[in-house]
Amino acid sequence: MYSGIAITLFWLFVALFAPLFQAMGILQDPTDLLNNIPRESPSINHLFGTDIRGYDVLSRTLVGSQAALKVVFLSTVFSLMIGVPSGLISGYLGGNLDKFLMFLMDTIYTIPGLLLSVTLSFILGKGIINIAIAVSISYIPQYYRIIRNHTNSIKNQLFIEAAQAMGAPPKTILYRYLFLNVIQNVPVIFTLNAADAILVLGGLGFLGLGLPEEVSEWGHDLKEALPSLSTGIWWTTLFPGLAMTSMVVGLSLIGEGISEIFIPSSQNKNK
């Protein structure tokens, strides 16, 4: 878990301070191609080399973390904002609303996440917000189902019945008594979905459905670099691929560490 935190913090640091590094001249402008020789191998002037267009691979790899983290943050927040409240309301109220939401979420859940994101991104178009929405839709049922099932299992416990007997309105019961008791597993899903969102963004960029071309993005850079790989130009695929892999691994390790914290505690309670 600690190694995952270290990796994630590194990319957060890079994403936050990349504009400062550019202003200081440490990083080249990732959109500058006129001053570079295309397909130049790694050297002192270009530590990661240049790509087929003449972009500096180092700057595009590091600046690409900004787009990845923006999409990850927005997509997971969007899915949380919809999945958690709908799961609480559905599990607590039940009835026809619960049946309708269950049917809707099960329908979304049966569609492969990447296919759904590709379809939505094609409809919504390019851009950080649009891609975040396209990626987030497939995560909503995960939050909904876990929150709904936990809410449904504890809504008949004594402390909930006591609150109802004291005249507490449904809104108070939902957000004061139920929310904190059903939210424990959400951080695990959050980190795992964040890791998956990076892969989905990379897949969309590789298909040409991701962010605008002027934005540094790892999936798009891998798409541009793939034809050159067979000619021995390895650096244009290696470094963006390693960046994407390391961020996914870092978030996955955090998710596994969080799950090890919560799952044993729940197992001990059940014994």
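As a basis for the values below, the full set of heavy atoms in this structure was taken, side chains included, without hydrogen atoms, waters or symmetry mates.
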Query raised in the report: Is the backbone of Glu40 close enough, under 3.5 Å, to the side chain of Ser43 for a donor and an acceptor to pair up by distance?
Result: no

Query raised in the report: Any donor-acceptor pair under 3.5 Å linking the side chain of Thr8 with the backbone of Ile5?
Result: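 Not at all, since once roles are kept as given, no pair shorter than 3.5 Å links the two residues.
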
Query raised in the report: For the ring pair (Phe, Tyr, Trp, His ring centres under 6.0 Å) test, which of Trp11, Phe206, Phe239 pairs with Trp218?
Result: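 Option passing the ring pair (Phe, Tyr, Trp, His ring centres under 6.0 Å) with Trp218: Trp11.
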
From [options], residue fulfilling side chain to side chain contact (heavy atoms under 4.5 Å, CB included) relative to [X]:
X	options	result
Val118	Leu204, Ile123, Val200	Leu204
Ile183	Leu178, Val84, Leu88	Val84
Val72	Asp196, Val77, Ile198	Ile198

Could you report the tightest heavy-atom contact between [X] and [Y], atom names first, then the distance?
X	Y	answer
Ser75	Ser136	O-CB, 3.0 Å
Pro227	Lys223	CD-O, 3.4 Å
Leu222	Pro240	CD2-CB, 4.1 Å
Gly208	Lys126	O-CE, 3.3 Å
Leu253	Ser3	CD1-OG, 3.4 Å
Pro30	Ser216	CB-OG, 3.3 Å

Report task. Find out if a path of hydrophobic residues (ILVMFWY) with successive side-chain heavy-atom gaps under 4.5 Å connects Leu211 to Val248. Result ->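 No, Leu211 and Val248 fall in different hydrophobic clusters.
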
Query - Joint hydrophobic cluster, Phe48 plus Trp235, side-chain heavy atoms closer than 4.5 Å - result: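 Cluster IDs for Phe48 and Trp235 match.
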
Query raised in the report: In terms of heavy-atom contacts, does CZ of Phe122 have more than 12 from other residues, nucleotides or ligands at under 6.0 Å?
Result: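 No, CZ of Phe122 has 12 or fewer neighbouring heavy atoms, counting only those of other groups under 6.0 Å.
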
Query raised in the report: Taking the six-membered ring where the residue is Trp, are the ring centres of Tyr139 and Tyr143 under 6.0 Å apart?
Result: no

Query raised in the report: With Asp98, which residues qualify under salt bridge (Lys or Arg N to Asp or Glu O under 4.0 Å), at least two apart?
Result: Arg148

**Report entry** Residues forming a side chain to side chain donor-acceptor pair (under 3.5 Å) with Gln157, sequence neighbours excluded
**Finding:** none

Query raised in the report: With sequence neighbours left out, which residue pairs that include part of residues 46-74 fulfil the salt bridge (charged side-chain N to carboxylate O under 4.0 Å, His left out) condition?
Result: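 As it turns out, the salt bridge (charged side-chain N to carboxylate O under 4.0 Å, His left out) pairs with a partner in residues 46-74, which skip direct neighbours, are Arg53-Glu224, Arg60-Asp221.
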
